[in-house]
Protein chains: 2
Amino acid sequence: MTLSHPDSSARAPRPSASVELRSIAIEQFASAGFAGTSLQQIADLAGYSKSSVLYHFASKEALLEAALGPALDRLEQILPGVGGLSSSPQARARFIEDFIDFLLEYRLEVHTFINQGQSLRGIPVIDRGNAIIGALAASLTTGFSSTQQKIRFGVALGGAAYALVGGMNFAGDDLLPPEEVRPALIATVSELLAPAAPTDV
Amino acid sequence: MTLSHPDSSARAPRPSASVELRSIAIEQFASAGFAGTSLQQIADLAGYSKSSVLYHFASKEALLEAALGPALDRLEQILPGVGGLSSSPQARARFIEDFIDFLLEYRLEVHTFINQGQSLRGIPVIDRGNAIIGALAASLTTGFSSTQQKIRFGVALGGAAYALVGGMNFAGDDLLPPEEVRPALIATVSELLAPAAPTDV
DNA sequence: GCAGAACCTGACCGATCGGACAGCTAAGGT
DNA sequence: ACCTTAGCTGTCCGATCGGTCAGGTTCTGC
């Protein structure tokens with residue numbers, strides 16, 4: 001990819017086009033939806049032609065995959081730690097922090113996936129993400145899978161994702177700063193996922 | 001509308017087409033998105049022609065308005081009761097129950113609105129809904145509008161909406177029955193919106 | 001019987017969709 | 001000098017989009 005690009009330190013105002021297109025794409029997919037975003041829009045926003053977008057990414061689906069892939073890789077990394085939820089409180093806190101940090105780092109990807117994960121079923125990268133979240137849910141509800149537990153998991157996951165990107169424009173004028181959101185979100189999610197030991201507020 | 005329809009008790013297997021189209025439309029808007037749903041799809045699912053859809057509803061936006069309108073009317077009805085949140089515990093519980101029942105009754109409408117309320121900005125019925133939720137958020141954060149409070153509100157609203165329709169396919173195979181979800185959801189949301197007096201689980 | 005409203009349809013419109021393809025330019029290796 | 005490759009573009013394609021329109025059918029009120 002960047003092997004034949006010796007101008008990494010030279011004058012290169014353009015961040016290699018591919019990266020730029022991907023970031024613009026995920027921004028649009030999250031805010032306007034996958035179906036609601038055309039390749040022409042992405043091209044216009046990036047200052048390229050539609051043909052150029054299709055040169056870097058073979059199809060619209062490939063662009064979605066490039067946009068969501070890294071987030072899924074990261075999520076798969078922290079997934080094994082979910083086992084710690086039922087062990088020590090430290091391991092539990094550790095996983096929740098990792099998970100919240102994941103949400104914060106991949107705001108747009110998570111938002112896209114949460115909102116459109118059902119309607120885009122069939123696209124490989126979406127199915128992959130659905131499988132990961134399914135595994136996450138299975139781990140969380142191991143042993144006690146009461147309706148209450150399921151609701152708590154659903155509210156925690158969907159609520160956190162929604163609060164991060166989607167709905168904060170209702171509570172305020174614009175997005176809240178991550179350094180302020182992080183502790184509040186950790187406290188709230190900890191409380192939801194650990195009902196036996198309610199965190200102090 | 002139905003004034004000139006005396007066959008209300010006669011043989012009329014078709015529920016007046018308008019109603020049928022609206023219910024199919026909201027179902028599609030919620031599951032596939034507004035942009036991702038074509039008038040042709042709706043027509044096919046209903047067994048009508050696209051022209052017929054546009055006969056009953058002047059435009060795609062008008063169909064969206066007809067689909068979401070009743071839910072917004074109902075939400076506006078229960079909105080004044082939000083003032084009770086800061087008064088007696090009974091009034092608070094009453095409002096939360098009303099709100100959860102609203103979510104249950106208008107699952108699809110709420111899901112549509114929560115997921116696409118931002119991207120569809122500009123459409124009158126969407127703006128109206130945004131204004132209502134804004135008023136709701138303002139009432140809830142009156143007095144103490146700390147980041148923690150905003151997060152709690154966001155998680156409660158988005159989480160409840162998500163758990164109702166969107167994400168339960170992760171925790172189980174299909175949607176949970178409302179009579180089981182209701183008490184669990186009431187308990188969870190009560191806890192989130194009233195951190196000072198945590199509900200027992 | 002007749003006018004007219006309500007209902008439904010196929011044909012058609014311009015615009016836009018995702019995508020295929022040929023060709024242009026600049027840079028690098030030989 | 002030459003060729004290859006990467007990057008980017010304009011043009012074109014069939015399909016589909018939301019929407020208009022003229023006409024057909026059936027039912028109702030007079």
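Keep in mind that the numbers below use all heavy atoms, side chains included, and drop hydrogens, waters and symmetry copies. Every chain is numbered from 1 and lettered A, B, ... according to where its sequence line falls, protein lines coming before strand lines.
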Considering only nitrogen or oxygen atoms on both sides, find all protein atoms under 3.5 Å from nucleotides 14-19 of chain D and state each distance.
from, atom 1, to, atom 2, distance (Å)
D/dC17, OP1, B/S38, OG, 2.9
D/dG18, OP1, B/T37, O, 3.4
D/dG18, OP1, B/K60, NZ, 2.9
D/dG18, OP2, B/L39, N, 3.0
D/dG18, N7, B/K50, NZ, 3.0
D/dG18, O6, B/K50, NZ, 3.4
D/dG19, OP2, B/K60, N, 2.7
D/dG19, O6, B/K50, NZ, 2.9

Pairing residues for B/Q40 by the side-chain hydrogen bond (donor to acceptor under 3.5 Å, both in side chains) criterion, not counting sequence neighbours: none
Residues that A/R94 engages under side-chain hydrogen bond (donor to acceptor under 3.5 Å, both in side chains), provided they are two or more places apart: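 Here the qualifying residues are A/D98.
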Gap separating the CG atom of A/L63 from the CD atom of A/Q28, nearest 0.5 angstrom: 11.0 Å
Terminal axes of the helix from C/dG1-D/dC30 to C/dT30-D/dA1 (five pairs each): angle between them, nearest 10 degrees: 0°
Phosphate OP1/OP2 of D/dC8 contacted by A/H56 side-chain N/O (<4.0 Å): yes
Below 4.0 Å: OP1/OP2 of D/dC8 and any side-chain N or O of A/Y55: no
Atom pair distance, as rounded to whole Å: CG in A/L21 and P in D/dC8: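 Interatomic distance, CG of A/L21 to P of D/dC8: 8 Å.
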Atom-to-atom span, CD1 of B/I42 to P of C/dC8 - whole angstrom: 16 Å
Taking all non-hydrogen atoms of both residues into account, name the closest pair between [X] and [Y] and its distance.
{"X": "A/A67", "Y": "A/I26", "value": "CB-CB, 4.0 Å"}
{"X": "B/S31", "Y": "A/S119", "value": "O-CB, 2.7 Å"}
{"X": "B/V125", "Y": "B/L72", "value": "O-CD1, 3.4 Å"}

Salt bridge (charged side-chain N to carboxylate O under 4.0 Å, His left out) partners for B/R182, two or more places apart: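 Applying salt bridge (charged side-chain N to carboxylate O under 4.0 Å, His left out) to B/R182 gives B/E97, B/D101.
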Which residues share a ring-ring contact (aromatic ring centres under 6.0 Å, His included) with B/Y55, sequence neighbours left out: none
